[in-house]
Amino acid sequence: MCDQFCDLDEDQDYCANLDLGGLRWKTPTIDQLKDLTTRQPPFENVDYDLWSRDSDPVDELAWTANIEQAGMEISFYKTSEAHVRCIAD
């Protein structure tokens, strides 16, 4: 289970198996994460990178976003660790 930090595979498993509110959950796209960075009022005070389910087609790195730094996208190796925020499907 993905508790604090997890790699991309653990993240996607965590969201797919999340049992909350009778909803189906998934890892957000990079565009959905970017939308959270511009939400007013802000989504929440998050000062760490969040996994997206999107990968760079050239190098197969996964895209992450940082809610605290609007527009900041960074690609990580899928075995790196970042946080997860699941969204309802």
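Start at 1 with the first residue, then count along the sequence.
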Quick one, [X] and [Y] - any side-chain contact, counting heavy atoms below 4.5 Å?
| X | Y | answer |
| --- | --- | --- |
| Thr29 | Arg53 | yes |
| Cys6 | His83 | no |
| Gln12 | Lys26 | no |
| Asp56 | Trp63 | yes |
| Cys15 | Val84 | yes |

### Task
Return yes if some donor-acceptor pair links the side-chain N/O of Trp25 with the main-chain N/O of Asn17 below 3.5 Å, else return no.
no

### Task
Step through the shown structure and confirm whether more than 12 heavy atoms of other residues, nucleotides or ligands are within 6.0 Å of CG on Asp89.
yes

Rounded to the nearest 0.5 Å, how far does [atom2] of [Y] lie from [atom1] of [X]?
| X | Y | atom1 | atom2 | value |
| --- | --- | --- | --- | --- |
| Ile30 | Thr27 | CD1 | OG1 | 12.0 Å |
| Ser55 | Leu8 | OG | CG | 6.5 Å |
| Cys86 | Asp11 | SG | CG | 6.5 Å |
| Asp31 | Asp54 | CG | CG | 7.0 Å |

### Task
For side-chain contact (heavy atoms from CB on, under 4.5 Å), just list the numbers for Leu61 and Lys78, CA-CA rounded to whole Å, side-chain angles, deciding distance to a tenth of an Å, and then say yes or no.
CA-CA 6 Å; Leu61 299 176; Lys78 295 176 183 180; over 6 Å; no

### Task
Considering non-hydrogen atoms only, spot the tightest contact between Ile74 and Asp49 and give its length.
CD1-OD1, 4.2 Å

#### Entry: Heavy-atom pair with the smallest gap, counting every atom of Tyr77 and Trp51
O-CH2, 3.4 Å

### Query
If we ignore angles and hydrogens, is there a donor and acceptor under 3.5 Å between the side chains of Ser52 and Lys34?
no

#### Entry: Same apolar cluster (I L V M F W Y, side chains within < 4.5 Å links), Tyr14/Leu23
yes

### Query
Can you list the steps and then say if Asp7 with Thr79 is a side chain to side chain donor-acceptor pair (under 3.5 Å)?
CA-CA 5 Å; Asp7 67 28; Thr79 55; over 6 Å; no

